[in-house]
Amino acid sequence: MYIDVLLGLQWGDEGKGKVVDYIADQYDVVARFQGGPNAGHTIRINENKYVLHTIPSGVFRENILNLIGSGVVIDPITFEKELQNLDGEGISYRDRLLISKKAHLILPTHRLLDAASEAAKGKEKIGSTLKGIGPTYMDKTGRNGLRVGDIYAADFMQKYNALKEKHYGLLKQFPEVAFDLAGEEEKWFSSLDSLKSLKSVNGEYYINDALTNRKKVLAEGAQGSMLDIDYGTYPYVTSSNTISAGVCSGLGVAPSKVNEVMGIAKAYCTRVGSGPFPSEQDNETGERMRTIGREFGATTGRPRRCGWIDIPQLLYTIMLNGVTQVIITKLDVLNEFDTISVGTEYAYDGMVTTELPFDLCSTNIEVQYALYEGWLQDLSGITSFHALPPKAKSYLQSLEQQLKVRISMISTGPERSELIVK
Ligand code: GDP
Ligand code: IMO
Ligand code: MG
């Protein structure tokens, strides 16, 4: 049949996990196509909170298959912890969780390299989650990486040691950082058993067979489009293609198989880590958003930087992804704001435009804002678009007009049930 995509339009943490969990029951397979344990996808079902890093967010829906695709990088240690958490909650996943053999492995020395490289950058650091993402993708593109399928090969230890030795060589150029390599290696090797206890498959055949057999597939993005390696705020990005193009390479499907592209954005905007953020409110307003929206990283616990929703930024990522519907989350966080701002245009280099410059990092941008009256009303219990306060409706309608894409869902709280389907 076809594959629908749900991905982040901002700098991550848009609420992908919540919405994927909500819509997963309309699909047969949910597949992650890129990223790794840098992701933290939160799902709340009846007050129980779950945070997933590598496992697709369809896992809480019975009968739905979940595939960790070839474009993902897996740390067996984090992965084992995720499985243990699911076991602890009594969630059965064994027959429904599959791993692509082509997914690359994050070694302990990848995490060590990540930490050493960030330490060496000092003030210029990316603000990486230190999960070893950059070094693992570097080994993938440098054609040195280890993949899940390699675990079963006779020469696996040889390959592992060769890669570790290469990492030792690289580490010499960085200052030393504290890291219990022996301890982490021990955990790593023991956690391989958990990985091996699940079914690994040729992900590209698995997905294409599913499509041929008229199954519906949902591809779940990680990070956000502004963190894309090619089109994000380079070098303050992650190391994978987070945009819809990454679905094809990460799962091994043709572009013609992609149907709907659901782009998700907060009713405001956040970013965690370093790098440009034109509509950032590094002030009391941002502080209020952080407190009300509980804007602290699901993976690292770091406070997230907060600011207003940014139309030029969203038009850019809608264009990159071919977004066919927009989902707005965390509308409730703005309930108590008298006025709400929307970044409508950028002024830089003597012009006013909605086009992003070559380099957001080095361009001095002044964001022009339009002001909206707040609705000053609790949204809990509202289940239809029509029942929203008129001022909330006109805020959303105005966003829709400016983005030129329909808003199909609105999230008004962290619970699975707090979602309005328009
Ligand atoms: P993801 O990485 O895109 O899956 O998003 P995260 O899980 O990192 O961050 C989103 C946070 O907002 C989580 O704590 C969610 O529980 C929470 N959340 C999601 N949707 C809503 C919403 O509509 N309102 C509120 N208040 N919280 C939400
Ligand atoms: P989810 O899927 C928000 C950010 C990091 C850092 C940069 C590079 O939960 O939306 P990396 O560890 O990839 O080398 O970090 O990217 N980052 C995220 N920010 N949400 C995420 O994932 C992120 N994954 C990475 O903070 O700035
Ligand atoms: Mg997150």
Side-chain angles (χ1 to χ4, degrees), residues 6-22 32 34-45 47-54 56-57 72-73 75 106 110-111 113-115 117-118 125-138 220-229 232-240 242 264-268 270-277 289-305 327-335 378-380 382 409-420:
L6 184 143
L7 46 72
L9 294 179
Q10 296 165 319
W11 279 275
D13 304 326
E14 297 91 348
K16 298 176 289 294
K18 180 206 152 137
V19 179
V20 168
D21 164 68
Y22 185 93
R32 277 276 305 272
Q34 47 68 236
N38 47 350
H41 295 181
T42 315
I43 290 135
R44 253 184 54 181
I45 309 167
E47 307 266 309
N48 292 321
K49 181 177 151 178
Y50 311 94
V51 181
L52 298 172
H53 301 286
T54 327
S57 302
V72 175
V73 291
D75 185 335
I106 303 177
H110 283 131
R111 279 192 289 134
L113 274 167
D114 209 358
S117 147
E118 281 283 84
K125 70 173 182 184
I126 307 293
S128 157
T129 59
L130 303 181
K131 301 294 178 193
I133 304 296
T136 306
Y137 279 113
M138 272 168 74
E220 172 182 5
Q223 290 79 59
S225 307
M226 295 303 284
L227 291 169
D228 181 85
I229 181 71
T233 48
Y234 193 86
Y236 299 98
V237 291
T238 190
S239 300
S240 64
T242 59
I264 177 163
K266 285 178 188 174
Y268 50 102
T270 64
R271 167 164 209 169
V272 58
S274 324
F277 178 2
M289 290 171 179
R290 184 175 311 117
T291 309
I292 302 172
R294 301 201 182 145
E295 294 296 355
F296 296 89
T299 297
T300 58
R302 289 177 294 175
R304 294 177 183 146
R305 298 156 61 191
I327 299 164
I328 296 289
T329 60
K330 304 193 89 160
L331 187 67
D332 55 301
V333 174
L334 301 180
N335 286 352
D378 188 1
L379 303 181
S380 28
I382 297 181
M409 282 175 246
I410 301 134
S411 175
T412 56
E415 271 291 328
R416 180 191 265 176
S417 56
E418 292 173 302
L419 197 84
I420 297 171

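Values reported hereafter were calculated over all heavy atoms of this structure, with side chains retained and with hydrogens, waters and symmetry mates removed. Just so you know, ligand 1 is whichever comes first in the structure, and atom 1 is the first atom listed for that ligand. Residue indices begin at 1 and follow the sequence shown.
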Considering heavy atoms of the protein only, find what lies nearest to [atom] and give residue, atom and distance to 0.1 Å.
atom                    : answer
atom 13 (O) of ligand 2 : Thr238 OG1, 2.6 Å
atom 23 (C) of ligand 2 : Gln223 CG, 3.6 Å
atom 15 (O) of ligand 2 : Ser128 CA, 3.4 Å
atom 20 (N) of ligand 2 : Asp13 OD1, 3.1 Å

Requested in this report: Output yes if Gly40 passes the N/O/S-under-2.8 Å test against the Mg ion (ligand 3); output no otherwise.
Outcome: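 Checking the Mg ion (ligand 3) against Gly40, an N, O or S atom does fall under 2.8 Å.
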
Which atom of [X] lies closest to which atom of [Y], heavy atoms considered:
X      : Y      : value
Asp228 : Thr242 : OD1-N, 2.8 Å
Ser411 : Leu419 : CB-CD1, 3.5 Å
Tyr234 : Ile229 : CD1-O, 3.5 Å
Ile126 : Tyr236 : CA-CD2, 3.9 Å

Any N/O pair [X]/ligand 2 closer than 3.5 Å:
X      : answer
Gly40  : yes
Asn38  : yes
Thr129 : yes
Asp114 : no

Give one line per pair: atom of ligand 1, protein atom, distance. Only N/O to N/O under 3.5 Å.
residue, atom, partner, partner atom, Å
ligand 1, 2 (O), Asp13, OD1, 3.4
ligand 1, 2 (O), Gly40, O, 2.9
ligand 1, 3 (O), Glu14, N, 3.1
ligand 1, 3 (O), Gly15, N, 2.8
ligand 1, 3 (O), Lys16, N, 2.7
ligand 1, 3 (O), Lys16, NZ, 2.9
ligand 1, 4 (O), Lys16, N, 3.3
ligand 1, 4 (O), Gly17, N, 2.9
ligand 1, 5 (O), Gly15, N, 3.3
ligand 1, 7 (O), Thr42, N, 2.8
ligand 1, 7 (O), Thr42, OG1, 2.6
ligand 1, 8 (O), Asp13, OD1, 2.9
ligand 1, 8 (O), Gly40, O, 2.9
ligand 1, 8 (O), Arg304, NH2, 3.1
ligand 1, 12 (O), Lys330, NZ, 2.9
ligand 1, 23 (O), Lys330, N, 2.9
ligand 1, 23 (O), Ser411, O, 3.2
ligand 1, 23 (O), Ser411, OG, 2.5
ligand 1, 23 (O), Gly413, N, 3.0
ligand 1, 23 (O), Gly413, O, 3.4
ligand 1, 24 (N), Asp332, OD1, 2.8
ligand 1, 24 (N), Asp332, OD2, 3.4
ligand 1, 24 (N), Gly413, N, 3.4
ligand 1, 26 (N), Asp332, OD2, 2.7

Requested in this report: Say whether Gly8 and ligand 2 are in contact under the criterion: heavy-atom distance to a ligand atom below 4.0 Å.
Outcome: no

Query raised in the report: Can you tell me if Val237 has a non-hydrogen atom under 4.0 Å from ligand 2?
Result: yes

Query raised in the report: Do Asp75 and Lys131 meet the salt-bridge criterion of a basic N to acidic O distance under 4.0 Å?
Result: no

Query raised in the report: In terms of side-chain geometry, is the basic nitrogen of Lys266 or Glu14 positioned less than 4.0 Å from the acidic oxygen of its partner?
Result: no

What atoms of ligand 2 come within less than 4.0 Å of a heavy atom belonging to [X]?
X      : value
Lys16  : 1 (P), 2 (O), 10 (O)
Ala39  : 1 (P), 2 (O), 9 (O), 22 (O)
Arg302 : 5 (C), 26 (O)
Trp11  : 3 (C), 19 (N)
Val272 : 3 (C), 5 (C), 19 (N), 26 (O), 27 (O)
Gly127 : 5 (C), 6 (C), 26 (O), 27 (O)
Leu227 : 4 (C), 16 (O), 17 (N), 18 (C), 19 (N)
Gly273 : 27 (O)

So, does [X] use its side chain to make a donor-acceptor pair with the main chain of [Y] at under 3.5 Å?
X      : Y      : result
Arg111 : Ile106 : no
Gln34  : Gly221 : no
Ser274 : Lys125 : yes
Lys18  : Glu418 : yes

Requested in this report: For the pair Ile43 and Arg416, evaluate side chain to side chain contact (heavy atoms under 4.5 Å, CB included) and give the outcome as yes or no after the intermediate values.
Outcome: CA-CA 7 Å; Ile43 290 135; Arg416 180 191 265 176; 5.7 Å; no

Report task. Determine which of the N, O or S atoms in Asp13 is closest to the Mg ion (ligand 3) and give its atom name. Result ->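 Result: OD1.
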
Query raised in the report: Where's the contact between His41 and ligand 2, heavy-atom distance under 4.0 Å: side chain, backbone, both or neither?
Result: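 Side chain only.
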
Report summary line: Result for salt bridge (Lys or Arg N to Asp or Glu O under 4.0 Å) between Glu295 and one of Arg302, Arg305, Lys330, Arg290 points to Lys330

Requested in this report: Check the pair Ile133, Val73 against side chain to side chain contact (heavy atoms under 4.5 Å, CB included), reporting the backbone distance first and the verdict last.
Outcome: CA-CA 7 Å; Ile133 304 296; Val73 291; 3.9 Å; yes

Query - Trace of the side chain to side chain contact (heavy atoms under 4.5 Å, CB included) decision for Ile327 with Leu6 - result: CA-CA 9 Å; Ile327 299 164; Leu6 184 143; 3.8 Å; yes

Query raised in the report: Please walk me through it: do Thr233 and Trp11 pass side chain to side chain contact (heavy atoms under 4.5 Å, CB included)?
Result: CA-CA 9 Å; Thr233 48; Trp11 279 275; 3.6 Å; yes

Requested in this report: Take Ser128 and Asp114 through the side chain to side chain donor-acceptor pair (under 3.5 Å) test and state the conclusion after the steps.
Outcome: CA-CA 8 Å; Ser128 157; Asp114 209 358; 3.2 Å; yes

